Enquirer: 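Here's a structure for you.
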Protein chains: 2
Amino acid sequence: MRSGGGRDERSEDLQVGRWKPDTSGRLERAAIELYLENGFARTTVPQITERAGVTTRTFFRHFADKRDVLFVGHDELRERVAKTIAAAPPAWSATKAAASGLNIAAAALQSSQDEARDRRSLITATPELRERELIMFAAVAGTISEALIARGVEDRAARAVAEAMVAAFRVAFEYWGEHTERELPQLVDEALDSLKEAFAAVGD
Amino acid sequence: MRSGGGRDERSEDLQVGRWKPDTSGRLERAAIELYLENGFARTTVPQITERAGVTTRTFFRHFADKRDVLFVGHDELRERVAKTIAAAPPAWSATKAAASGLNIAAAALQSSQDEARDRRSLITATPELRERELIMFAAVAGTISEALIARGVEDRAARAVAEAMVAAFRVAFEYWGEHTERELPQLVDEALDSLKEAFAAVGD
DNA sequence: CACTGTGATGACGTTCGGTGTCATCACCAT
DNA sequence: ATGGTGATGACACCGAACGTCATCACAGTG
């Protein structure tokens, strides 16, 4: 590889710098391709880096680990969710404020449908990746919980509500992965309605 | 426990067989000791097996991985939860049936308080272990969901309710870890009440 | 135009988690 | 005694992940 320490490159992939540009992007694409082709477990980092034209060490300079590739960008989305909840009218209930945040996330995923569903199928097929997904959702719940507490919701209640609403989101998200005709935001609403109905019966 | 097919045991550690008895138990104890002493990440499997007096290979014959040590026995508890839900009166609501299952788990953990809290502190201190804990809870939610479906609850609603109730349990469980004076079953009830109140406001 | 700093990468070595495989040997049943 | 079984030791191996240093295009400076 390395296209020969090349200062003079006349051939097609004439690159400006010392290295081909967008290393991170090339790694991400190569990784996802290989995960889809051979499965996550049977894909090794050397395979990925070979396809991307870099060394193994470089992979770990861009991603914390093999799984990380599939979870880039979620942090920003989480921030948007937090901001949305913080910006919701103070009069709104905890569930309504949280729901507004989840709507942002649902809309974002809906708009990048194809890519999101690709990742989902990969993740659901691989226990190791499901683990990581659960962590991500836990982080989201944590963020929402904080946002609710900032709105004055009592601590434990905020945690419970945040976790429960994320749970609803997850159920909707999974269903969405298998039913391409449905739209995520509405599925989330339906899940929340289910919970409303079910929890009305708590305590008899 | 095998208690040594013991014909003649005069001195305490006089072993009958070729190997010392209770390998699994010795490994588990050694591992937890070391995790507590040096932290999970800084403990290596060779360290564990050295203390337990076996080879590294043997460790992986008893546990799937380093984390597995802290999650043995949860499968049985999960089964008990499932059976409890299945055995609940058909007239009970989904939440009430599920709550009866969670109560079994809460009571079990409450009764082995000290050990449970030891594990909890280890798990909460280690991201890698939190991951695994999330998987366990996800499995519990899956089991409860199935049990509810078997009771006739509609599929998606069952999933949502199961996940939400496990979420409530988790919140209570965490709080319980920090408030030794409170009892887990009651904390779970309180969390469920929080959800009832909050979700009553869904949909305005 | 030479000089220098910077940042991304290559190259190399190492630790450790985890698996496959085969030989060994107490125990048990016949 | 004889052969089967099951748990373990011993050994080799792969791959993930990290530490470290050298390298070299590029930008900026004078």
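Protein chains get the first letters and strands the later ones, always in sequence-line order, with residue 1 at the start of each. Note that the coordinates shown come from a computational prediction; the quantities given were computed from them, not determined experimentally.
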Enquirer: Check B:Arg78 with B:Asp75, please: is the shortest side-chain N to carboxylate O separation under 4.0 Å?
Expert: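 Between B:Arg78 and B:Asp75 there is a salt bridge, with a charged N closer than 4.0 Å to a carboxylate O.
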Enquirer: Within this structure, what is the CG-to-C1' distance between B:Leu129 and C:dG17, rounded to whole angstrom?
Expert: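 Atom-to-atom, B:Leu129 to C:dG17, this comes out as 15 Å.
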Enquirer: For B:Asp68 and C:dG17, what is the distance between atoms CG and P respectively, to the nearest whole Å?
Expert: 15 Å
Enquirer: In terms of side-chain geometry, is the basic nitrogen of B:Arg119 or B:Asp114 positioned less than 4.0 Å from the acidic oxygen of its partner?
Expert: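 So B:Arg119 does not pair with B:Asp114 through a salt bridge.
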Enquirer: Please report the distance, rounded to the nearest Å, between CG in A:Leu27 and C1' in D:dA17.
Expert: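 After rounding, the reported distance stands at 15 Å.
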Enquirer: Report yes if at least one side-chain N or O of A:His62 is closer than 4.0 Å to OP1 or OP2 of C:dA8; otherwise report no.
Expert: no
Enquirer: For A:Arg26 and C:dA8, what is the distance between atoms CZ and C1' respectively, to the nearest whole Å?
Expert: 12 Å
Enquirer: Start at the 5' end of DNA chain D and walk down; is the nucleotide closest to A:Phe60 or to B:Thr55 reached first?
Expert: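 Residue closer to the 5' terminus by nearest nucleotide: B:Thr55.
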Enquirer: C:dG18, OP1 or OP2 - any side-chain N/O from B:Thr56 closer than 4.0 Å?
Expert: no
Enquirer: Validate the cation-pi geometry between B:Arg67 and B:Phe40: distance from NZ or CZ to the six-membered ring centre under 6.0 Å, angle to the ring axis within 45°.
Expert: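 B:Arg67 over B:Phe40 ring: no.
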Enquirer: Tell me the interatomic distance from B:Asp65, atom CG, to C:dC16, atom P, rounded to whole angstroms.
Expert: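 Distance, rounded to whole Å: 17 Å.
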Enquirer: Whole angstroms only, please: what is the CZ-P distance between B:Phe63 and D:dT8?
Expert: 11 Å
Enquirer: In whole angstroms, how far is the P atom of C:dC16 from the CZ atom of B:Arg42?
Expert: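 Going from CZ in B:Arg42 over to P in C:dC16 covers 13 Å.
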Enquirer: Considering only distance and modelled atom types, tabulate donor-acceptor pairs under 3.5 Å from the side chains of residues 155-170 of chain B, sequence neighbours left out.
Expert:
unit_1	atom_1	unit_2	atom_2	d
B:Asp155	OD1	B:Arg159	NE	2.9
B:Asp155	OD1	B:Arg159	NH2	3.3
B:Arg156	NH1	A:Glu190	OE1	2.8
B:Arg156	NH2	A:Glu190	OE1	3.3
B:Glu163	OE1	A:Arg170	NH2	2.7
B:Arg170	NH2	A:Glu163	OE1	2.7

Enquirer: Hey, is the side chain of A:Arg61 pairing donor to acceptor with the base of C:dG7 inside 3.5 Å?
Expert: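 Result: no qualifying N/O pair found.
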Enquirer: Which part of the nucleic acid, if any, lies within contact of A:Thr43, taking any heavy atom under 4.0 Å across all strands shown: a base, the sugar-phosphate backbone alone, or nothing?
Expert: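 It contacts sugar-phosphate atoms only.
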Enquirer: Starting the side chain at C-beta, find the nucleotide from C:dG10, D:dG9, C:dG17 nearest to A:Thr58.
Expert: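 When the side chain of A:Thr58 is considered, C:dG10 is the closest of C:dG10, D:dG9, C:dG17.
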Enquirer: Examine the side chains of B:Glu183 and B:Trp176 and answer whether a donor and an acceptor come within less than 3.5 Å of each other.
Expert: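 Their side chains do not contain a donor-acceptor pair, so the 3.5 Å distance test is not met.
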Enquirer: Using a cut-off of strictly less than 4.0 Å, decide whether A:Thr23 has a side-chain nitrogen or oxygen near OP1 or OP2 of C:dT9.
Expert: yes
Enquirer: Kindly point out which of D:dA16, D:dG9, C:dG17 is positioned nearest to the side chain of B:Val45?
Expert: C:dG17
Enquirer: Please give, in whole Å, the distance from D:dA16 C1' to A:Phe40 CZ?
Expert: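 Taking atom C1' of D:dA16 as the reference, CZ of A:Phe40 is at 10 Å.
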Enquirer: Indicate, yes or no, whether a donor-acceptor pair under 3.5 Å links the base of C:dG20 to the side chain of B:Arg57.
Expert: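 When only heavy-atom distances are counted, B:Arg57 does reach the base of C:dG20 through a donor-acceptor pair under 3.5 Å.
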Enquirer: So, does A:Thr44 get its side chain near the phosphate of D:dC14, meaning an N or O under 4.0 Å from OP1 or OP2?
Expert: no
